[in-house]
Amino acid sequence: MPTTYRDLLDQTKSAIREVDAREARALIERGNVTVLDVREQDEIEQGIVSSAVHIPRGYLEMRVEETLRDRDRPIVVYCAGGVRSAFAAKSLRDLGYTDVVSLAGGFNAWKEEGGAWETPRSLTPDQRRRYSRHLLIPEVGETGQRKLLDAKVLLVGAGGLGSPAALYLAAAGVGTLGVIDADTVDDSNLQRQIIHTTDRVGMAKVESAQISIEALNPDVRVIGHQERLTKENVLDLFAHYDIILDGTDNFATRYLINDACVLLNKPNIHGSIFRFEGQATTFIAGQGPCYRCLFPTPPPPELAPSCAEAGVLGLLPGTIGLLQATEVAKLILGIGEPLVGRLLTYDALRTEFRILKLSRDQACPMCGPDAPTSLDDIEYTDVACAIPALAHAV
Ligand SMILES: [Zn+2]
């Protein structure tokens with residue numbers, strides 16, 4: 001006689017362990033347990049157990065190994081009523097998960113029991129299509145995409161580094177991009193500053209950047225600051241952003257960005273370029289060195305040729321700016337290892353990347369024990385662009 005659905009469900013339930021909502025709540029409140037929701041996306045939108053991981057039942061076997069790597073960590077699996085979760089629990093057991101229970105009565109019983117739940121803010125259908133390649137990656141997914149959409153990143157400079165960084169961060173769905181730049185688009189910029197176009201020569205760079213970003217992704221709010229970054233405006237400005245991307249080409253601004261980021265405890269994503277060579281690193285105060293740990297003082301002006309004098313290969317800032325943008329995205333998502341305490345150098349002629357380990361300078365004038373608490377007494381003299389010699393590589 002063929003097996004009926006009823007038989008199959010009975011067999012499945014006898015092969016797994018079910019818990020009622022009260023027991024599930026006790027387990028979850030004790031901690032060290034993964035709560036797994038196997039309902040469909042449209043059901044999730046009505047509410048989800050707080051802290052639950054979501055994998056729709058139809059994708060469970062395909063995706064679970066990537067998402068739940070520890071097969072011995074206890075799992076409470078639930079659906080709406082307790083049937084799909086019973087089949088899911090059986091599958092998980094067959095896949096080698098050793099401690100799985102199914103919530104009898106599902107999410108409805110959970111709510112009646114008074115367990116914690118929340119209504120997730122969900123992506124719109126348009127956003128789900130736009131970011132579908134992100135949603136497929138377990139480390140990003142819908143939660144990660146929402147983090148990107150909620151993030152506020154300030155790009156200092158809409159030039160060689162800021163252009164590719166801004167375009168890719170906008171494409172990835174970073175929801176708020178601030179751009180500060182006092183300059184207008186010049187035709188000598190177009191060799192590398194790909195956010196600007198020939199017909200916008202003479203236009204303010206922040207306005208040109210805004211046009212390109214909004215054309216690329218209407219989800220992104222662009223805040224243009226058409227001004228120079230100064231000691232007077234830097235702290236107020238940075239306070240509104242989560243992460244600062246340094247795309248400047250002069251030492252005075254680099255020191256200013258560094259010092260403000262140390263004072264405000266904001267990540268500073270650093271990049272610099274010179275002819276065929278680039279560098280990138282991530283400064284997070286307290287976790288690694290700051291810019292002044294590496295370069296305590298700017299080089300004398302006669303040793304720092306300006307970009308206009310030295311030149312730069314137009315493709316180089318694309319590589320470095322995208323390394324910076326990738327660092328930004330990783331920090332927002334909380335994944336991977338940021339370039340904290342590591343300086344990445346890139347030699348375009350040899351196509352060679354190297355990593356230099358960097359250590360904190362215990363006597364650093366900005367992040368050491370005698371660090372100032374304001375910018376008032378610091379001089380920021382402008383010298384031109386270049387990559388200075390490393391003071392403190394180990
Ligand atoms: Zn320092």
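No hydrogens, no waters, no symmetry mates; every other heavy atom, side chains included, goes into these values. Read the numbers this way: they start at 1 and go in the same order the structure lists the ligands and their atoms.
Ring orientation note: the planes of F283 and H270 are tilted relative to one another, at an angle of 30° to 60°.
Taking the side chain as every heavy atom from C-beta outward, D42 and I44 never approach each other to under 4.5 Å.
For the Zn ion (ligand 1), the nearby protein N/O/S atoms, meaning those under 2.8 Å, are C290 SG, C293 SG, C364 SG, C367 SG.
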Legend entry - From CA spacing to verdict: side chain to side chain donor-acceptor pair (under 3.5 Å), Y291, N268: CA-CA 9 Å; Y291 188 68; N268 168 13; over 6 Å; no

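Counted within 6.0 Å of CD on E379, heavy atoms from surrounding residues, nucleotides or ligands total 12 or fewer; the atom is thus considered open.
Centroid-to-centroid, the aromatic rings of Y346 and F353 come within less than 6.0 Å.
One finds the CG atom of N250 at 9.5 Å from the CG atom of L256 (value rounded to the nearest 0.5 Å).
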